[in-house]
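Working notes, structure below.
In what follows, chains carry the letters A, B, and so on, assigned in the order in which the sequence lines appear, proteins first and then strands, with residues in each chain numbered from 1.
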Number of protein chains: 2
Amino acid sequence: VHDRTGAAGGTAAEVCAAPLRRADLHASVSDPALDTMNFLNEVTARHPGAISFAPGRPYDGFFDVEQVFGYLRGYLDHLKALGHAPEVIRDHLFQYGPTAGRIRELIAETLRRDEGVDVPAEAVVVTVGAQEAMLLAVRALITGPSDVLLVSSPCYVGITGVARLLDVTLGTVEEAPAGLRCADVEAAVLAERGAGRRPRAFYLVPDHNNPLGTTVPEATRRELLDLAADLDILILEDTPYRLVGSERRLPTLKALDRGRRVVHLGSFSKTLFPGARVGYAVADQEVDDGRGGRGLLAAELTKIKSMVTVNTPPLSQAVVAGMLLAAGGQTTGHTQRSSAYYRRTMSATLHELERHLPAERQRELGVRWNRPDGGFFLSLQVPFRADDAALARSAEDFGVLWTPMSYFHPAGGGENAIRLSTSYLSDADIVEGIARLVRFVEAEAARTQKGQPTW
Amino acid sequence: VHDRTGAAGGTAAEVCAAPLRRADLHASVSDPALDTMNFLNEVTARHPGAISFAPGRPYDGFFDVEQVFGYLRGYLDHLKALGHAPEVIRDHLFQYGPTAGRIRELIAETLRRDEGVDVPAEAVVVTVGAQEAMLLAVRALITGPSDVLLVSSPCYVGITGVARLLDVTLGTVEEAPAGLRCADVEAAVLAERGAGRRPRAFYLVPDHNNPLGTTVPEATRRELLDLAADLDILILEDTPYRLVGSERRLPTLKALDRGRRVVHLGSFSKTLFPGARVGYAVADQEVDDGRGGRGLLAAELTKIKSMVTVNTPPLSQAVVAGMLLAAGGQTTGHTQRSSAYYRRTMSATLHELERHLPAERQRELGVRWNRPDGGFFLSLQVPFRADDAALARSAEDFGVLWTPMSYFHPAGGGENAIRLSTSYLSDADIVEGIARLVRFVEAEAARTQKGQPTW
């Protein structure tokens, strides 16, 4: 039928294929959240002089490239001190290594020292950032279209991304102005069940969350664990901002978890080394294989990891291990300076906001914000639609950037709020940036009061 | 309803959750291929003295941990020579960096030098090994249950894993004894269409494939490209063993591709540094967004990557870049010794097989094998069921391990074949290992002829 004597023809498929249509690609690539982030990136690129409260970027002033050489050397020396032969040490660095990771024992030890979380090394899976850990946990737990993942909303775009990627149905629990309410979680679970769906887990970031910057109080943490037991669901606890926050840390959900209800997700990206991309999942839940065998959920996550990245780069694990060992097996040994830094930039930002907008003016304008004592983010309620058009005006006319809170609401909402990131700006930029932001807010408020359209 | 005054109670969820049932987890974790690999791992652990032709492990005798320090330094010096300020260099290593990767330009240049593949840097997405590249490509192209991915079978377990993870329907094109036939690919595409499904792409490893060790001849490559154009499908070309093979390399499908039919997947794991976990996808296909915009498929894969790993570790990219730069921007500068090594171990294995089993004995027994001129694998047809029970007898009674070919057949088949990996054994192990293997094959053949059960 076709003449395909290619060796003779020599000009294989000369005619260029017609373009693929994006509509013929998987829905994950047309995620509206990604398109809005693109808009933010474009506005940022168009206004290089603007002061940006948008990116949740770790401060890098404490990094030094020479440290990487030292930490890598420290890990290799450690392996030598353990009595490993040179070829074994070489394999630790160069070969693939076990899919669950080479430094599980060290991470388990770090969790004991940093957090009082006591789990066996077998419960730990080392991942390429917490993003992969989310992917593994969601993939394991969601088996089909009637399973639902509940998320505290607004929420981190990474978890909505995983849901999109895996065609997983999300249910949202809107965080109330006073904070997350267990009654709302319970209502959401019961509503899903009433609709014939099966909520498997509830995802949240209990400490200094992205995007709101709120922290769940200890009483609510305990209540949430009791609720999870009562309702027979799991909790996915994500903790990226945990050790860059308040001096007075609350116990993690995992530290309080007596019933193995919590799958704990962690990352060293905000605390040790973003460019290593090392995170982890702690999954000590028992799994019954139906043939009399018992294993840990971590082993099932490891199988899934073999289909995603096979291994977290042993090179990255080696450098992170070197960092942990240098601080006596603790993350907190590295985070004192940086967490103090983040507390200071947050406090400076809040101070500037108060200075420009004292209580009375806040009431008049209808502006309010929360007051985190650390972490990267705070949220600001404003009396106008904080949408892309408003962001464009803010950049163009006032030279200040921020992130619309609506980007973080998977089911709509957040139209009158913005996320401010305070993680990496200098004192001077904070002073000038908040001055600009307040001018923008005043102008928008005036514009809205005058009945102008807020397109 | 529930008493959840947790702060007072203090003993949140004391009762341990009932175990999860594996049947309530996603099907990917009960993949039979993974269970069989577990069996292989168990047999291997039970017989530490056995000589193993099972793992496709890169030879590491040419690695030296000190090289890592040098390559990292080389990359940093390169950035300095380009005129980057110290804080920019620091960011290259420590910060997340762009999702599509920091070293796309260098990889595009390497593809030009190594392979004569000329694509813009924007067509490259740097990934955590080729595994993530497969995941991105399959996720982009398969939009729902009526879309099908065709694979050359037997095939690499990584691609079946991706299909399992994403609930993607696989169609198989069995490789004929004389090699892959385009007529079979065409028949498979037409059969899928006849059944109302939409085959989007055909996945294959054209060079020294895993598990068979076969290489697709140049004429078939050209024919395959013409067929892809005629049938309007894409080709996923995976190339892990490409630069560790024959001295006489055939052009890649991508080098012959004039119609942008080929999404090319690559890895530095077998050529430069397994422990860096750096791979890439080349996707220069145009995508029409339906609103007048045009972009490359690589940009869509990048969006998906933001939901999987966010970034390939910049640290890993830096070391790989240092290695490429040290060899004048070429992979081949590093692979001469290792590819010669693999050719030698392959040749030694083939020599031992011939020595023990001359042509006449091969015919009597009903044994035959292919004769790759490089790469990691060869396949052996045997006159008995090469299943787990046979593998257990081989380990127990003969002290030699191999991989059942059936592990690599997603739709059944391969029951009378085994995969031998020759990539990392010493000469002495090859001589002794093949002697043991031949004793095992002779014993099984005798056992089968005597009509014994082959449970």
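- Contact count against chain B (heavy-atom pairs under 4.5 Å) is highest for A/Leu72 among A/Leu301, A/Leu72, A/Ile89.
- Only the side chain of A/Leu297 has a heavy atom closer than 4.5 Å to any heavy atom of chain B.
- Your options are B/Val162, B/Val68, B/Thr220, B/Leu141, and the one with the most heavy-atom pairs under 4.5 Å with chain A is B/Val68.
- Here the closest non-hydrogen pair linking B/Pro313 and A/Pro313 is CG-CG, 3.7 Å.
- Ranked by non-hydrogen atom pairs under 4.5 Å with chain A, the options B/Pro314, B/Ala163, B/Pro217 are led by B/Pro314.
- With B/Gln131 contributing its side chain and A/Val310 its backbone, the two residues share no donor-acceptor pair below 3.5 Å.
- Both the backbone and the side chain of B/Arg73 come within less than 4.5 Å of a heavy atom in chain A.
- No donor-acceptor pair under 3.5 Å is formed between the side chain of B/Arg22 and the backbone N or O of A/Val287.
- Without hydrogens or angle criteria, A/Arg200 side chain to B/Asp24 main chain gives a donor-acceptor distance under 3.5 Å.
- Chain A forms more heavy-atom pairs under 4.5 Å with one residue of B/Glu132, B/His92, B/Arg294 than with any other, namely B/Arg294.
- With rounding to the nearest 0.5 Å, the separation of CG in A/Asp167 from CG in B/Asp167 is 8.5 Å.
- Counting heavy atoms from C-beta outward, B/Ile304 and A/Arg164 have side chains that stay 4.5 Å or more apart.
- Between A/Leu315 atom CG and B/Phe273 atom CZ the span is 4.5 Å, to the nearest 0.5 Å.
- For A/Val29 against B/Glu300, the heavy-atom pair with the smallest separation is CB-OE1, 3.3 Å.
- By number of non-hydrogen pairs under 4.5 angstrom with chain A, the leading residue of B/Ala318, B/Gly295, B/Ala140, B/Gly129 is B/Ala140.
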Candidate pair B/Asn311 and A/Val128, rule side-chain contact (heavy atoms from CB on, under 4.5 Å), full reasoning
CA-CA 8 Å; B/Asn311 305 97; A/Val128 181; over 6 Å; no

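- In this structure, the portion of B/Val319 lying under 4.5 Å from any heavy atom of chain A is its side chain and not its backbone.
- A/Arg277 places a side-chain N or O within 3.5 Å of a backbone atom of B/Thr309 that can act as its donor or acceptor partner.
- Within a 6.0 Å radius of CZ in A/Arg181, no more than 12 heavy atoms belonging to other residues, nucleotides or ligands are found.
- Note that the CG atom of A/Leu166 and the NE2 atom of B/His26 stand 8.0 Å from one another [nearest 0.5 Å].
- Proximity to chain B (any heavy atom under 4.5 Å) is shown, for A/Gln317, by neither the backbone nor the side chain.
- Both the backbone and the side chain of B/Leu93 come within less than 4.5 Å of a heavy atom of chain A.
- Comment: A/Asp60 engages B/Arg90 in a salt bridge, judged by a side-chain N to carboxylate O separation of less than 4.0 angstrom.
- Of all heavy-atom pairs between A/Arg139 and B/Ser28, the closest is CG-OG, 4.0 Å.
- For the pair A/Gln95 (side chain) and B/Pro58 (backbone), a donor-acceptor distance under 3.5 Å is present.
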side-chain contact (heavy atoms from CB on, under 4.5 Å) assessment of B/Phe69 paired with A/Leu76:
CA-CA 12 Å; B/Phe69 296 87; A/Leu76 296 173; 3.8 Å; yes

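- Ranked by heavy-atom pairs under 4.5 Å with chain B, the list A/Thr143, A/Thr302, A/Leu234 is led by A/Thr143.
- For A/Leu165, the parts lying under 4.5 angstrom from a heavy atom of chain B are both the backbone and the side chain.
- Heavy atoms closer than 4.5 Å to chain B are found nowhere in A/Arg102, neither backbone nor side chain.
- Contacts between B/Ser269 and chain A at a heavy-atom distance below 4.5 Å involve backbone atoms as well as side-chain atoms.
- Across every non-hydrogen atom of B/Val308 and A/Val308, the tightest pair is CG1-CG1, 3.6 Å.
- Contacts of B/Ile159 with chain A are absent, with no heavy-atom separation under 4.5 Å from either backbone or side chain.
- Your options are A/Met134, A/Gln67, A/Gln285, A/Arg198, and the one with the most heavy-atom pairs under 4.5 Å with chain B is A/Arg198.
- Between B/Val65 and A/Phe94 the shortest side-chain heavy-atom distance falls below 4.5 Å.
- A salt bridge is absent between A/Glu286 and B/Arg21; no separation between the charged side-chain nitrogens and carboxylate oxygens falls under 4.0 Å.
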